[in-house]
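The structure appears right after this line, and notes come after that.
Letters A, B, ... mirror the listed sequences (proteins, then strands); counts begin at 1.
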Amino acid sequence: MRRQVPLFITFFVGTLLIVSVFIPPMENLGEDFTLFFDIIAVFAFFLGGGNLLRVHLTKLYRKSPDWGFSVVTVVGFFLMLAAGLFKIGNPGDISASVTAEGSMFQTMFNNVVLPLQSTMYALLAFFIASASYRAFRAKNREATILLVAAFIILLGRTPFGMMLTAWIPDSWSVLQVPNLAIWIMNSPNLAGQRAILIGIGLGVVSMSLRIILGIERTYLGDDR
Amino acid sequence: MKRSSLLVLAVVVILFAISWILKANQLSATEENYILEAFLITFAAFLTLSVLSFLYKDNPFYKFAEHLFVGVSAAFWMCLGFWSTLVKNLIPRLSEGLSEFFNEPYMPGDYNFFFWIPVILGILLLMRLSKEHGWIARWPLAFIVGTTAGLNFVRYLRSDFIEQISATFVPLLIEWQGVGHFFSNFNLAIDGQFVMMLSNWVIFVGVMCGLIYFFFSKEHTGVFGTASRVGIWILMITFGASFGYTVMGRISLLVGRLTFLFKDWLGLIS
Amino acid sequence: MPPAIVNFIAGQVGVQQLVVSGTSTTAQTPPSHPRAAFLVLLIIISFTISAIAQEPADTAAFDLPDERPAPPTSVVVTDFKYDAGNRVDITWVPSIDDQPELTLVDGYTVYRSANGGDYKLLDSLLPGISMYEDEEVTPDSVYTYYVATMSGKDTVQSVVTQEIRPEWELVNFDLAWLFVIAVIISGSIVWFIWRARAGADLFVRKIAGLDAVDEAIGRATEMGRPILFIPGILDMDDVQTIAGLTILGRVAKQIADYDTRIRMPVSRSLVMTAARETIKASYQVAGRPDAYSDDMVSYVTDEQFGYVAAVDGIMVREKPATIFLLGAFFAESLILAETGNSIGAIQIAGTARPAQLPFFIAACDFTLIGEELFAASAYLSGEPKQLGSLKGQDVGKGIAMLAIILGMVAVTMATAFEIDFFQMIADGLNQVFSTKAE
Amino acid sequence: MIPFEPIRLFAFGGFNVPIVISLLIIGGGMLWLLIRSLKAKEVDRRIVFVFIFAAVSAPLLFEITFDETATPIVKGVFEKIENMPERSRIVIAFDFDPAMAPEVQPMANAVIRHALAKNHRLIFISLWATGQALMDKTISEIIPAEFPQKQDGIDYVSLGYKAGNEGVLNVIVSNVKKMFPTDVNGVPLTDIAIFNGVRSMKDVDMVMAVGGGKPGPKEWVLFVGDAPGGPPVAVGVAAVVAPQMYPYYPKQVLGILGGIKGAAEYESELLHNYPRFAEQDTPGLRMMGPQTLAHVVIMAFIIFGNLAFFIGGRHKEKRL
């Protein structure tokens, strides 16, 4: 029961979904199963949310270092949960969208989640600079190619790319930095992307097969 | 808490309180709820600066922002999951009474009873909380993993394998009018025949060598090794180019945040 | 007679009658004599005939305000092949008045009747369109359609189509080539798994990132610091997350063997549950079930950057010696990898999202590129049957390369030298490797 | 021609102290780092962060802009408009929504100004429901204020929005009136001077398609530009879409304005050739200020990194 049933479920569901692609009357099966997944995921929120609360309440209870911040998490969580589940301050009634403008839920989203989200995202501007400083060094041939490609594209995005190479005659125009940048994006970049994608396609097919056939079962506890 | 950190906290609180007052004063002419609006903008600015402070090092302000973010956003997604999945998609298929309660259009259908499957699996998943019967949670997991494997098998085969192969059927000779014509019209213009042909050669050779790099069951030596080397180079150009191309978008994000601080909050720029 | 001509004649007759009544004195008094009546009729008929005879060349008539366009003709409804009986296609020949130079036709409207009921409007279409896909049908009903030409507020209907009952098919033969390719690739994977199981010796090249796993775990053990495992930010419905978890299974066993701490914040509740099962089982296999605790895995938030904020916090506070970033990553890839780098951790990353690979390459010590991520757990397991599947993948790559060479040759020959034979091959290959049927 | 200036200091119309100071600080800092690198010293990441912060915020605060030189792909569009005979008809397509507007609206503005200054005639059209409002706003903001002598119906006309996506293009490529019997104000096309002799899109002299989604510039290229006898098409697209448009250049499109950089190049070309626009807002150039400075800083750091690396005797960096 403990080992065989899950393996059978995986095999059955996986095979069913592959076959359904070729059988017109079952063509919506994939969509339905995606919805099934979403529904199960909502049930899983009980586990996830419960875990989040448990972690922070334990910190509170034990007065672990930084327990004060756990109060912030717990209070924020319950405030938002109440705002969303009871649609507090929603201009419409229960049938209005939970994210209706003017509701407490949306106001908190706009003024707490959104600025935090976009600032975390904006950190990338700094990290992309520190990563280029550290990583783009001509340590070996591969790293040099990486560096040169990145540098040409970067240069092509500033006025200096054109300024430096404007003297190149039109019959050699591919060597002008902005054109070269376009050419790199269109040709070698495309080739690399394609090779990666074809490999990924095969990798997914192979892994899916291993899972469906029960060869790969670490996720279920490979307790042999 | 140490005295120095209390001092810092006090200074920050006072500064933001001043900002709040100034902002409210500024907004009072145009906004009805100007006190609340001013607070929200000031608070958003405080959170923005708290996150940016992480670049220097971890600090209590970042910790505050982080913990608030986690709590609020976790609840945000849970509420969204509840309303958009359970109320919108599940309840209208299973219960007329409940869909009436939530004011959702009831969706009767012959195969709706199948929607009990995820409900049962969801409940089985919650058995994970039980020490004794926790193993039963593996059933829904097996169902999910099977679904993912089955759906992605065909999806990736199509979009990542088949589609990319047929996209690479490129002609290596373009506008071909013989060797003589080719050499007499040879140039390096971006729209010239040679550059366009070169592009296709690079795509063809690049995809081939890239694939060879991914070969697992053959030692990368000899000709095969050389090809796989070229494959790595192509990949490196790809990575370098994508990296460089992304920089602009990332800087824009920072411009957006700083514009918020300088314009919406401080009013330094118009 | 098609309704167009009937309408047309009716219109012309109206005009003629008006003229007659205005000019003929006989028409003003009712005819008392049958011969007079006959005469009037004769005049009317002759006027009508002459009008019709003149008509076709007279384009000026199209500018008359009451001019009506011709309806669409040859309206045909056909069942859509290889579906579940939920689509029929209606095609027609556009109205002859629907010419690029003319502005008479504003478009078309499609009407449907189910089981002999009333006709209901389905859709309005732009001029020049000659096809409509009705996907709101079921095999249980019989349908008829007609199409009308719109001109201002006026509509001119076509004849009604024949009845159609949508049919469903059991097998979609449009996808035959997809099926064949799937079977060949799966077949070769299964074949090599079977060969390997039977004891054939299979060579698999080294994958740098995976050879470093041992050392990376060992380093954390020596330093007495935890190992951080990030399975990406997507849920269990993404195959990359599952790939991450299969690697976790192998890694966790070694972690249990070495008695090192593992820390795994996740951004999805289901991933949390699955990761706990995985680690628990690995600890059992390692013979240390008592060392396992649910606290190793914790849920943070579904929000992408909220999760990143928390993981960054964990990184700088707990200073893990080794960080695994294996799964589906988006913009956060670089935030995580740079923070990880700043605390001096060894980082092994892998994702199948090409857009994020450059950042891992730049900021991590080892990166599994695309396919390598999916091959990793097979490689780490060291089991022959798992390694066999990698050999099967190589067959797939061989097929891809062969197809690309063939396609390239055929297309080159066909376009540069216009050789029909190669054009045929190119068309054939395009059909085999087509993704049109969605 | 305005003589070349690498940096235009025109926040207060002349010599600008804050700009000079901020650039001196950034430049001086860079010099200091260069010297450190020549001594093979590594730079702390926080110093990198400070420079990025300065490079982005200084141009924002003090409106530092850099003179752009138009790349061939942008110049193609500019020169076409510049060299067409006066009174040529240019179609401007507004296929975008407010979310995309910050990036592509500057392109539309620059092209409209250029075309009107060149005394061309403009036909506005939108395939996006949200595009019409943006179009109306653009027309009412630019034309009466900057080109008071231009008249609706004679020098420009707005056809408004029409539902039907690329189907609309399919029709207007052979007959405009069939899809747009009247302009946006309800005036029949037959009464509008611009449309004298214009039956289809094949009769206009150029199309400038601005947008970034579907339907958008790509559809204009495929359905209108590529139609037999179709007009030349130029496109202005958001940066994320630009790589998808490159393959059409130069055979199927005159040129591509990609993202804010494309807009900035066009604006600068316009400023060089038309001094009358010197007082106009140039959002493209303005938004490129932080970008250019940040790119320069990043490139400088890449150079510093390599200097330190080579002078430092190529020491092994990687752990393990």
Inter-residue atom distance [X].[atom1] - [Y].[atom2], 0.5 Å rounding:
{"X": "Asp394(C)", "Y": "Ile212(B)", "atom1": "CG", "atom2": "CD1", "answer": "11.0 Å"}
{"X": "Arg268(C)", "Y": "Trp77(B)", "atom1": "CZ", "atom2": "CH2", "answer": "7.5 Å"}
{"X": "Trp201(B)", "Y": "Met408(C)", "atom1": "CH2", "atom2": "CE", "answer": "6.5 Å"}
{"X": "Ile242(C)", "Y": "Leu141(B)", "atom1": "CD1", "atom2": "CG", "answer": "9.5 Å"}
{"X": "Asp302(C)", "Y": "Leu80(B)", "atom1": "CG", "atom2": "CG", "answer": "10.0 Å"}
{"X": "Thr412(C)", "Y": "Leu172(B)", "atom1": "OG1", "atom2": "CG", "answer": "4.0 Å"}

Inset, instruction - Indicate yes or no: at least one non-hydrogen side-chain atom of Met208(B) is less than 4.5 angstrom from one of Ile405(C). - result: yes
- Query: Between Ser217(B) and Lys391(C), is there a donor-acceptor pair closer than 3.5 Å when you use the side chain of the first and the backbone of the second?
  - Reply: no
Give a yes or no on whether the backbone of Met236(C) and the side-chain of Thr148(B) come within a donor-acceptor separation of less than 3.5 Å. yes
Considering only heavy atoms, which portion of [X] lies under 4.5 Å from any heavy atom of chain C: side chain, backbone, both, or neither?
{"X": "Lys218(B)", "result": "backbone"}
{"X": "Phe153(B)", "result": "side chain"}
{"X": "Tyr62(B)", "result": "side chain"}
{"X": "Val72(B)", "result": "neither"}
{"X": "Arg155(B)", "result": "neither"}
{"X": "Phe214(B)", "result": "both"}
{"X": "Thr168(B)", "result": "both"}
{"X": "Leu125(B)", "result": "side chain"}
{"X": "Val154(B)", "result": "side chain"}
{"X": "Phe169(B)", "result": "both"}

Region of [X] that comes under 4.5 Å of a non-hydrogen atom in chain B:
{"X": "Ile207(C)", "result": "side chain"}
{"X": "Gln240(C)", "result": "side chain"}
{"X": "Phe305(C)", "result": "both"}
{"X": "Ile185(C)", "result": "side chain"}
{"X": "Thr339(C)", "result": "side chain"}

Would you call Arg138(B) and Glu277(C) a salt bridge, taking side-chain N to carboxylate O under 4.0 Å as the test? yes
- Message: Could you go through Thr415(C) and Leu173(B), starting from their C-alpha distance and side-chain angles, then the distance that decides it, and tell me whether this counts as side chain to side chain contact (heavy atoms under 4.5 Å, CB included)?
- Response: CA-CA 8 Å; Thr415(C) 56; Leu173(B) 302 176; over 6 Å; no
Out of [options], which one racks up the most heavy-atom pairs below 4.5 Å with chain C?
{"options": "Trp176(B), Phe69(B), Phe216(B), Tyr213(B)", "value": "Phe216(B)"}
{"options": "Phe243(B), Phe76(B), Tyr245(B)", "value": "Phe243(B)"}
{"options": "Met236(B), His220(B), Arg250(B)", "value": "His220(B)"}

Shortest non-hydrogen contact from [X] to [Y]?
{"X": "Ala400(C)", "Y": "Phe161(B)", "answer": "CB-CE1, 4.0 Å"}
{"X": "Ile165(B)", "Y": "Ala403(C)", "answer": "CG2-CB, 3.9 Å"}
{"X": "Ser73(B)", "Y": "Thr301(C)", "answer": "OG-OG1, 2.9 Å"}

Those residues of residues 310-319 of chain C that come under 4.5 Å of chain B on a heavy-atom basis, listed by number, are Ala310(C), Asp312(C), Gly313(C), Val316(C), Arg317(C)
Answer key: most heavy-atom pairs under 4.5 Å with chain B among Leu202(C), Val409(C), Asp235(C), Asp294(C) is Asp294(C)
